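The structure appears below as structure tokens.
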Amino acid sequence: MAEFKSDIEIARAAKKKPIMDVGAGLGIPAEHLLPYGHDKAKVSAEYIKQVQGNKDGKLILVTAINPTPAGEGKTTTTVGLGDGLNRIGKKAMVCIREASLGPNFGMKGGAAGGGYAQVVPMEDMNLHFTGDFHAITTAHNLLSALIDNHIYWGNEQGIDVRRVAWRRVMDMNDRALRQIICSLGGVANGFPREAGFDITVASEVMAILCLATDLADLQKRIGDIIVAYRRDKSPVFARDLNADGAMAVLLKDAVQPNLVQTLENNPAFVHGGPFANIAHGCNSVVATTTALKIADYVVTEAGFGADLGAEKFFDIKCRKAGLKPAAAVIVATVRALKMNGGVKKDDLGAENVDAVKKGCANLGRHIENVKQFGVPAVVAINHFVSDTDAEIGAVKAYVAAQGAEAVLCKHWAQGSAGIEELAHKVVELAESGKSQFAPLYSDEMKLFDKIDTIVKRIYRGSEAIADKSVRDQLHQWEAQGYGNLPVCMAKTQYSFSTDPNLRGAPTDHVVPVREVRLSAGAGFVVAICGEIMTMPGLPKSPSSERIFLNDKGQIEGLF
């Protein structure tokens, strides 16, 4: 078998254009780019305002089957498709999320695509990049500090210290901080209370940054954050603590999209990074809407499988931002389908057409679900060298029987040349005018009914269940005027159910809602289902053990 370079070796050999040249190709004048080195820049708010009158391009969503340890390649396909569209003569941009340090040093190792379909500079994007996550973390924790400080200095707002809803965050996986006691040490340190940490990508500040339309909207949303409740259960907002102004100051640069490039020197916005299993899983509205004003095609992704990322993209991001996707791509690999068909990871190299056919049930469910939103879909088979013709044929036949088409894509090994067929198919779908996009549920539906609708129509569960305390909390929020918000499901990414080991396309399972959180600033209600954690832990052997600097000072092991 041919030797393949690693992702980091390919990225290191990239012939990057100066970022000002990449911007010029989009028509962005140099004075509207704030450079971070030679290969990345932020786009000014002033320029974003200037292009608002432009006609919108076509929005393409890339989603996937449920992830497995075998790998699916959703970001790789997103980047490859952007390159492929440019290759066939279309002016296309890629819009993806920034990588979180937690998973980079935990299990995943990076999030910039792979092979010859990557966004660069890969090392920067997977580490500190332009500092957006640091700004979000700092703004979030400023609010945390202000809450405890307010209580310490007399508690003028009458905060019930038992009902502080705002937790702290850090961009690292650290299970030891999930539940903590803070303010120990006597009178000088305040009033002891129970608290905890979430990972930065689960922060409501992250969600707000990704859903805000501009700096003014960002500050208003920050002011709307509910930080605590009084003894009469009335909410205390961030603006009650005069926190919104300083938090917006910390985020003034972070809200501007980051412009970088693919290996083929095509433009990409990499901005925002909410997780799709515990947050809404989409890159920023500012980046996507700006890209639509300066490109004819915008390829964006939503995290994990379509049951999480695509559902939230449609029901939260598109609903809130008024976006109308023209087409969707559902990424699958033969290897992942075999895992869904019951094959162990160590046995994936051997041909097993029956397992592929069995695992296709998971793919079929996602095709049906995307169609429920009125968006035409095509399947991208992300090619691995171990795939056989018979296995690929089985996937194509199955998808054809579902009334869709599956296209074999070799962008990982060949770059844009390996994904031309998919690019042409996406253009055909996008230009057909077949998209009749509509969210799954209406704003007016009751909050628990929205949760139940997603469970039944997307997960194919029998029902959502919740304790009386959870239902009472939802009723209380409805009474306070938050009943029209969409719901953001926090659930394992590995299954349609809440059991991560239940692969394929299970039906009639019960989805327990353990806890609900109101993100009033972001504009959604989070429903935490099953055993999902908003602060992940590190695995027994984290990726960080294999990341180091070599003798040349280059990073090894990051991807």
Side-chain angles (χ1 to χ4, degrees), residues 48 51-64 74 78 81-82 85 90-97 210-214 217 257 269 271-272 274 276 280-303 306-330 366-378 380 404 422-423 425-445 450 453-454 457-458 484-488 522-524:
I48 292 168
V51 298
Q52 289 312 301
N54 293 4
K55 185 181 164 205
D56 280 333
K58 303 279 188 189
L59 181 59
I60 313 299
L61 172 70
V62 177
T63 184
K74 181 162 43 61
T78 302
L81 179 56
L85 288 165
K90 305 298 180 185
K91 187 180 181 182
M93 270 197 85
V94 168
C95 283
I96 61 174
R97 290 169 297 158
C210 290
L211 289 167
T213 51
D214 56 27
D217 184 39
F269 277 151
H271 195 219
H280 75 285
C282 307
N283 75 298
S284 76
V285 165
V286 172
T288 304
T289 53
T290 302
L292 286 167
K293 297 297 183 184
I294 56 179
D296 298 328
Y297 285 85
V298 175
V299 185
T300 191
E301 67 167 5
D307 58 317
L308 287 169
E311 186 272 314
K312 294 171 184 182
F313 176 82
F314 293 139
D315 277 329
I316 298 175
K317 182 174 177 178
C318 291
R319 180 195 303 264
K320 293 290 184 185
L323 297 170
K324 292 190 166 36
V329 176
I330 303 169
H366 290 297
I367 294 170
E368 289 171 13
N369 285 349
V370 170
K371 284 182 177 176
Q372 285 194 71
F373 292 95
V375 179
V378 57
L422 181 68
K425 180 64 183 177
V426 164
V427 169
E428 179 192 322
L429 277 182
E431 299 296 338
S432 70
K434 287 181 180 172
S435 181
Q436 301 291 320
F437 168 69
L440 192 68
Y441 51 80
S442 68
D443 291 343
E444 293 73 32
M445 189 181 281
K450 290 171 183 172
T453 297
I454 293 169
R457 291 184 57 184
I458 301 297
N484 63 336
L485 297 183
V487 292
C488 180
F524 53 68

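Keep in mind that what you see is a predicted model, and the values were worked out from it rather than measured.
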Approximate separation, where rounding is to 0.5 Å, of T300 OG1 and F269 CZ: 11.5 Å

Smallest separation among heavy atoms of [X] and [Y], with atom names:
X    : Y    : value
I316 : V487 : CD1-O, 3.7 Å
K312 : H280 : CB-O, 3.4 Å
A423 : L85  : O-CD2, 3.7 Å
Y441 : E311 : CE2-OE2, 4.3 Å
H271 : A287 : CB-CB, 4.0 Å
D217 : A212 : OD2-CA, 3.2 Å

Side chains of [X] and [Y]: closer than 4.5 Å at any heavy-atom pair?
X    : Y    : value
F313 : V375 : no
T213 : T289 : no
S435 : P376 : yes
R319 : D443 : yes

Name all residues meeting the side-chain contact (heavy atoms from CB on, under 4.5 Å) criterion together with A310; count only those two or more places apart in sequence or in a different chain, and write none if there are none. L61, T63, A306, F314

Taking the basic N atoms (NZ, or NE/NH1/NH2) and the acidic carboxylate oxygens, is any pair closer than 4.0 Å for E368 and K371? no

If you count the non-hydrogen atoms of other residues, nucleotides and ligands that lie under 6.0 Å from NZ in K324, is the total more than 12? no

